[in-house]
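Notes for the one structure printed next.
These values consider heavy atoms only, across backbone and side chains, with no hydrogens, waters or symmetry-generated copies. Letters go in sequence order (proteins before strands), and every chain restarts at 1.
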There are 2 protein chains.
Amino acid sequence: MDLYIERGFDQTTVAQIAQRAGLTERTFFRYFADKREVLFWGSATLQELLVETLEGLPPSLAPIDAVAGALDVIAHGFEERRVFALRRQSVIASNPELQERELIKLESLTVATAQALRSRGASDLVATLSAHAGIAVFKVAFEQWVKDDGQITLAQFITASFTELKSVSAGGS
Amino acid sequence: MDLYIERGFDQTTVAQIAQRAGLTERTFFRYFADKREVLFWGSATLQELLVETLEGLPPSLAPIDAVAGALDVIAHGFEERRVFALRRQSVIASNPELQERELIKLESLTVATAQALRSRGASDLVATLSAHAGIAVFKVAFEQWVKDDGQITLAQFITASFTELKSVSAGGS
DNA sequence: CATTGCGATGTCATTCGCTGCCATCACTCT
DNA sequence: AGAGTGATGGCAGCGAATGACATCGCAATG
């Protein structure tokens with residue numbers, strides 16, 4: 001990530017990364033499927049954590065509230081890594097290919113969340129829409145939290161966004 | 001797209017595409033930024049259309065209802081292209097890189113929608129969340145419509161999804 | 001202690017996506 | 001006829017990614 005920040009993502013070659021890490025190009029590709037994947041290490045772990053948390057919540061909760069609860073729990077694990085997240089986001093924000101990768105990771109998170117909601121008894125459509133809404137809230141809250149000066153917690157941003165979502169989608173008509 | 005269906009996306013080389021199209025590789029890359037972009041021709045047009053439609057709707061509509069209305073209008077332009085969309089979706093579904101590209105196109109649609117909503121006077125957060133929810137609904141409805149046997153219109157799927165969204169996000173608590 | 005097996009790493013060659021540079025061609029306008 | 005212009009072709013080159021094979025370190029086993 002140092003290199004990505006120093007020279008920019010596509011001005012950085014895998015050879016350079018390998019050299020700084022003290023290994024060969026070939027070995028790099030044994031650990032990461034491609035050049036972008038480095039920045040998304042741990043996203044699988046996050047997904048598992050989210051699903052497990054979701055499974056641990058009382059079944060009485062409505063799908064959207066279960067998602068809100070699970071995200072809130074997860075948020076606490078992020079609080080101490082805000083500066084790191086900020087650096088990471090700055091790299092991703094400056095490269096479309098990295099944004100694509102981030103989006104598909106979020107999509108994967110959405111799909112897994114929807115699956116977990118179905119396991120809790122939600123219908124297909126409700127599960128999908130709740131998952132989408134929930135992950136969208138997380139994305140928005142995460143971006144706000146990263147940009148903020150560190151006074152407000154991620155959990156607080158998430159709560160605020162969920163509150164807003166409910167009033168928004170109540171809509172007119 | 002014929003080639004992508006025949007041999008699969010990554011088994012197809014740009015050289016092959018160029019040959020079948022009767023031009024050179026170099027020329028291909030003058031029309032499309034990369035190999036994936038071929039399948040997303042017209043997405044910019046769709047985005048413009050969505051924004052313009054949104055601008056043409058009465059300002060009295062709540063953000064989420066404006067999005068619903070605009071998507072409904074746009075949906076009618078798709079009805080006659082369902083089989084094409086089906087072939088296209090089958091290619092995209094079988095390749096992660098294409099899914100990434102599709103996601104970022106949808107994200108672009110979301111951002112543009114949010115911007116249009118802000119122009120209508122919505123707050124930042126409301127605009128963003130409404131756009132996310134609306135485009136998510138569109139995505140879900142589109143997938144259902146493509147898989148369906150053609151009896152139900154895209155507009156109908158969209159309406160149904162929006163109705164569901166409202167009841168979902170009303171949530172418990 | 002020697003040997004055997006195995007996982008991690010290195011080396012090499014190759015394919016392919018993609019870009020820059022320059023030449024060429026067709027066409028239009030003056 | 002000649003100049004300008006936009007589209008295309010040809011070519012060289014870089015870098016990402018993959019497959020095949022060699023090697024090394026290390027632990028288990030006898």
[N] [atom2] sits how many Å from [X] [atom1], rounded?
X: B:Glu37; N: C:dT19; atom1: CD; atom2: C1'; result: 17 Å
X: A:Ile17; N: D:dG15; atom1: CD1; atom2: P; result: 13 Å
X: A:Gln11; N: D:dA16; atom1: CD; atom2: P; result: 11 Å
X: B:Glu25; N: D:dG13; atom1: CD; atom2: C1'; result: 14 Å
X: A:Glu97; N: D:dA16; atom1: CD; atom2: P; result: 11 Å
X: B:Phe28; N: C:dG17; atom1: CZ; atom2: P; result: 9 Å
X: B:Gln16; N: C:dT15; atom1: CD; atom2: C1'; result: 12 Å
X: A:Phe29; N: C:dC12; atom1: CZ; atom2: C1'; result: 15 Å

> Which part of the nucleic acid, if any, lies within contact of B:Ala15, taking any heavy atom under 4.0 Å across all strands shown: a base, the sugar-phosphate backbone alone, or nothing?
Replying inline: nothing
> Hey, is the side chain of A:Arg30 pairing donor to acceptor with the base of C:dG7 inside 3.5 Å?
Replying inline: no
> Does any N or O donor sit under 3.5 Å from an N or O acceptor when you compare the side chain of B:Arg36 with the base of C:dG17?
Replying inline: no
>> Does A:Arg88 qualify as a cation-pi partner of A:Phe40, given the criterion of NZ or CZ under 6.0 Å from the six-membered ring centre and within 45 degrees of its axis?
In response: yes
> Between D:dG9 and B:Thr24, is there an OP1 or OP2 to side-chain N/O distance shorter than 4.0 Å?
Replying inline: yes
>> Counting only side-chain nitrogens and oxygens, does A:Tyr31 get under 4.0 Å of the OP1 or OP2 atom of C:dT9?
In response: yes
> Considering heavy-atom distances to DNA chain D, does A:Asp10 or B:Gly22 have its closest nucleotide positioned more toward the 5' end?
Replying inline: B:Gly22
> Is the closest side-chain donor-acceptor distance between A:Gln47 and A:Ser108 under 3.5 Å?
Replying inline: yes
>> Within the 3.5 Å criterion, strictly below it, is a donor on B:Thr27 or B:Thr24 matched to an acceptor on the partner's side chain?
In response: yes
>> By nearest atom, which of the nucleotides C:dC18, C:dG10, D:dA16 is closest to the A:Thr27 side chain?
In response: C:dG10
>> So if I take every side-chain heavy atom of A:Arg26 and compare against D:dT18, C:dC18, D:dC11, which nucleotide ends up nearest?
In response: D:dT18
> Do you know which two heavy atoms are closest between A:Lys139 and A:Leu103, and how far apart they sit?
Replying inline: CE-CD2, 4.4 Å
> Hey, mind stepping through A:Phe78 and A:Phe142 against ring pair (Phe, Tyr, Trp, His ring centres under 6.0 Å) and telling me if it holds?
Replying inline: CA-CA 10 Å; A:Phe78 278 99; A:Phe142 191 83; 5.6 Å; yes
